[in-house]
Amino acid sequence: MAEFTQSTKLHNVLYDIRGPLLQRAQQMESEGHRILKLNIGNPAPFGFEAPDAILVDMIRHLPHAQGYTDSRGIFSARTAVVQYYQTRGIHNIHVDDVYLGNGVSELITLSLMALLNNGDEVLIPTPDYPLWTASVSLAGGRPVHYICDEDNEWWPDLEDLEAKITPKTKGIVIINPNNPTGAVYPAHILQGMVDLARKHGLVVFSDEIYEKILYDDAVHINTASITGDDVLCMTFSGLSKAYRICGYRSGWLAISGPKAAAADYLEGINLLASMRLCANAPGQHAIQTALGGHQSINDLILPGGRLRDQRDLAYRMLNEIPGVSVNQAKGALYLFPKLDPEMYPIKSDEKFALDLLEQQKILISHGTAFNWIKPDHFRLVTLPNLLDLEEAVGRIAEFLSTYKP
């Protein structure tokens with residue numbers, strides 16, 4: 001019988017957030033164990049529900065959402081996206097510059113596939129959201145990781161970034177607010193990154209899916225408000241996180257900058273968007289209502305809000321564990337703690353995470369899954385309620401008190 005093997009195109013494609021650790025957790029669940037999953041930023045399993053107005057609007061539109069839509073997406077939703085960015089001071093995005101997708105994830109892959117030739121390089125932060133690294137590899141490109149400095153608020157190291165630009169570099173990825181670190185970038189950092197893109201003729205890919213999940217005095221700056229008309233900016237955002245509807249797969253790509261000079265590239269995006277026919281039609285109908293209505297996420301991130309309180313509890317308890325330190329998240333849904341390498345001389349952080357899973361029934365994501373350079377970090381999702389989160393971090397502390405790598 002013939003043997004069928006996976007394509008060589010997948011040899012450098014990894015997505016360990018849903019990798020072997022999750023598979024082992026699922027196996028343990030099938031054996032009757034209760035696993036607390038702190039590996040994926042999926043609000044629904046933790047009791048976060050979509051705003052009622054979004055559900056009602058989607059239900060009302062279901063009879064009209066049975067067929068394909070325009071490959072870019074329905075006009076009303078794309079118009080709502082344009083108007084949203086206008087309120088943010090961005091006036092060079094038009095309705096036909098917006099593509100709706102099955103979440104941001106689809107649009108990331110699509111935009112990179114349309115741009116990259118084999119061997120082209122894209123600068124991606126480390127740590128990163130690993131879909132970016134995987135999608136560059138899948139498109140035939142080479143991911144090159146620039147350092148985000150833990151000792152400087154996890155902000156990108158601009159000198160390291162510029163040092164890694166070569167004649168093969170095609171673009172810079174900015175993840176702001178950042179997953180997994182929770183960093184929110186100030187204006188001077190974003191300006192520095194945009195200046196480098198302008199100087200070297202690079203595309204800016206700005207992942208802003210967590211733009212509405214901000215804490216304390218953090219302010220989110222849309223990269224497109226800085227890039228202007230002479231730097232091509234691909235802005236990615238959507239409803240999954242701030243509106244708690246990951247399963248509806250409702251995201252968008254908004255294109256700004258010198259579109260005439262990028263006409264051939266944009267034709268490629270249009271081709272790939274047409275090949276997938278359209279994004280999930282019911283999910284598209286959620287966009288106008290979500291962007292125009294009451295922003296219920298604000299009730300969750302202000303003092304006394306559930307997301308804010310859970311972040312604060314996790315931050316305090318993690319920093320109380322001997323040998324563990326973590327920067328406070330200014331945005332998003334995660335913390336990225338560091339394990340003191342002298343106290344915990346870990347050689348494989350995936351093995352560390354597996355041991356934690358086996359012994360304490362807690363599923364986390366190991367730091368190298370986010371293309372971090374050392375096996376000394378892990379990502380903790382701060383979505384569980386206070387009681388569950390307190391128990392989870394307490395069990396991590398108990399595990400570390402006796403852990404011998």
Side-chain angles (χ1 to χ4, degrees), residues 14-25 27-28 33-41 125-130 133 145 147-155 157 160 178-183 310-330 332-384 388-405:
L14 297 172
Y15 193 72
D16 283 346
I17 296 176
R18 291 178 178 259
L21 285 170
L22 178 61
Q23 294 170 13
R24 176 56 183 145
Q27 180 184 0
M28 292 173 66
H33 298 283
R34 178 182 175 271
I35 307 298
L36 182 54
K37 297 190 180 75
L38 304 181
N39 64 316
I40 295 177
T126 175
D128 72 341
Y129 174 52
T133 295
H145 294 98
I147 294 293
C148 293
D149 185 358
E150 186 171 15
D151 294 329
N152 189 29
E153 307 286 346
W154 281 115
W155 295 342
D157 183 328
D160 183 68
N178 186 268
N179 172 13
T181 67
Q310 290 165 187
R311 178 207 64 156
D312 290 348
L313 175 69
Y315 171 77
R316 176 179 60 78
M317 291 188 66
L318 284 167
N319 277 311
E320 289 173 351
I321 301 174
V324 177
S325 60
V326 61
N327 287 5
Q328 180 62 292
K330 294 293 187 178
L333 304 170
Y334 317 99
L335 293 170
F336 198 60
K338 180 179 181 178
L339 298 166
D340 184 341
E342 293 188 4
M343 186 173 295
Y344 309 106
I346 295 169
K347 297 292 189 288
S348 168
D349 56 353
E350 184 175 24
K351 176 65 164 53
F352 158 76
L354 180 62
D355 290 341
L356 175 64
L357 172 64
E358 298 274 5
Q359 295 182 34
Q360 293 291 342
K361 313 300 186 293
I362 302 289
L363 177 61
I364 58 169
S365 296
H366 53 296
T368 56
F370 303 91
N371 295 292
W372 183 239
I373 51 180
K374 296 179 180 179
D376 60 355
H377 283 72
F378 64 93
R379 188 187 75 169
L380 184 81
V381 173
T382 58
L383 284 169
D388 287 345
L389 197 57
E390 184 174 19
E391 179 184 354
V393 180
R395 282 154 66 177
I396 292 173
E398 179 183 345
F399 171 79
L400 288 171
S401 68
T402 59
Y403 186 59
K404 303 297 181 185

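Scope of the values below: all heavy atoms of this structure, side chains included, with no hydrogens, waters or symmetry mates.
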> In Å and rounded to the nearest 0.5 Å, what is the CD to CE distance from E391 to M317?
10.0 Å

> If you define the side chain from C-beta out and look only at heavy atoms, does anything of L363 sit under 4.5 Å from L36?
no

> Begin from the C-alpha positions of T126 and C148 and carry the test side-chain contact (heavy atoms from CB on, under 4.5 Å) through to its verdict.
CA-CA 6 Å; T126 175; C148 293; over 6 Å; no

> Using a 3.5 Å distance criterion without hydrogens, assess whether the side chain of T368 forms a donor-acceptor pair with backbone atoms of P375.
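Answer holds: no.
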
> If we only count heavy atoms from C-beta on, is the L21 to N39 side-chain gap below 4.5 Å?
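No, side chains not in contact.
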
> Under a 3.5 Å distance rule, please check whether D149 uses its side chain to pair with a backbone N or O of D157 as donor and acceptor.
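Judged by distance alone, no pair lies under 3.5 Å.
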
> Check the side chains of H366 and S348 for a donor-acceptor pair under 3.5 angstrom, ignoring hydrogens and angles.
no

> So with a 6.0 Å cut-off around CD of E342, is the heavy-atom count from everything else above 12?
no

> Quick check: closest heavy atoms across N327 and E153, and the distance to 0.1 Å?
ND2-CA, 4.1 Å

> Please report the C-alpha distance between R395 and Q359 in whole Å, then the side-chain angles of each, then the deciding distance to 0.1 Å, and finally whether the side-chain contact (heavy atoms from CB on, under 4.5 Å) criterion is met.
CA-CA 9 Å; R395 282 154 66 177; Q359 295 182 34; over 6 Å; no

> Is any side-chain heavy atom of K37 closer than 4.5 Å to a side-chain heavy atom of L22?
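Side chain of K37 against side chain of L22, heavy atoms only: contact under 4.5 Å found.
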
> Verify, without hydrogens or angle tests, whether R24 (side chain) and L354 (backbone) share a donor-acceptor contact under 3.5 angstrom.
no

> Just distance, no hydrogens or angles: give the donor-acceptor pairs under 3.5 Å from side chains in residues 397-405, sequence neighbours left out.
unit_1	atom_1	unit_2	atom_2	d
S401	OG	E398	O	2.6
Y403	OH	D355	OD2	3.0

> Does a side-chain heavy-atom distance below 4.5 Å link D376 with I346?
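Heavy-atom side-chain distance check fails, nothing below 4.5 Å.
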
> Residues in side chain to side chain contact (heavy atoms under 4.5 Å, CB included) with A314, at least two apart?
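For A314 the side chain to side chain contact (heavy atoms under 4.5 Å, CB included) partners, ignoring immediate neighbours, are L335, L380, T382, L389.
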
> Could you go through the side-chain contact (heavy atoms from CB on, under 4.5 Å) check for I321 and V393 one step at a time?
CA-CA 9 Å; I321 301 174; V393 180; 4.2 Å; yes

> Measure the spacing between CD of Q328 and CZ of R316 and express it to the nearest 0.5 Å.
12.0 Å

> Identify the heavy atoms of P180 and Y334 that sit nearest to each other, and give their distance.
O-CB, 3.6 Å

> What's the spacing between K374 NZ and D349 CG if we round to 0.5 Å?
13.0 Å

> Given side chains that start at C-beta, do those of P322 and M343 come closer than 4.5 Å, heavy atoms only?
yes

> How close do S365 and F370 get, heavy atom to heavy atom, and via which atoms?
CB-CE1, 3.6 Å

> Taking the side chain as every heavy atom from C-beta outward, state whether R379 and N179 have any pair of such atoms under 4.5 Å apart.
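SC-SC contact between R379 and N179 confirmed.
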
> If you look at every heavy atom in W154 and P127, which pair is closest and at what distance?
CZ3-CD, 3.6 Å

> When you compare the side chain of Y344 with that of F352, does any pair of heavy atoms fall below 4.5 Å?
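Counting from C-beta outward, F352 and Y344 never come under 4.5 Å.
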
> Do the non-hydrogen side-chain atoms of D128 and H145 ever get within less than 4.5 Å of each other?
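Answer yes - side chains close enough.
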
> Tell me the closest heavy-atom pair linking G41 and V381, and the distance in Å.
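For G41 versus V381, the nearest heavy atoms are N-CG2, 4.2 Å.
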
> Going from CG on L339 to CG on L318, what distance comes out if it is rounded to the nearest 0.5 angstrom?
9.5 Å

> Specify the closest pair of heavy atoms between L357 and A25, including all atoms of both residues, with the distance to one decimal.
CD2-N, 3.8 Å

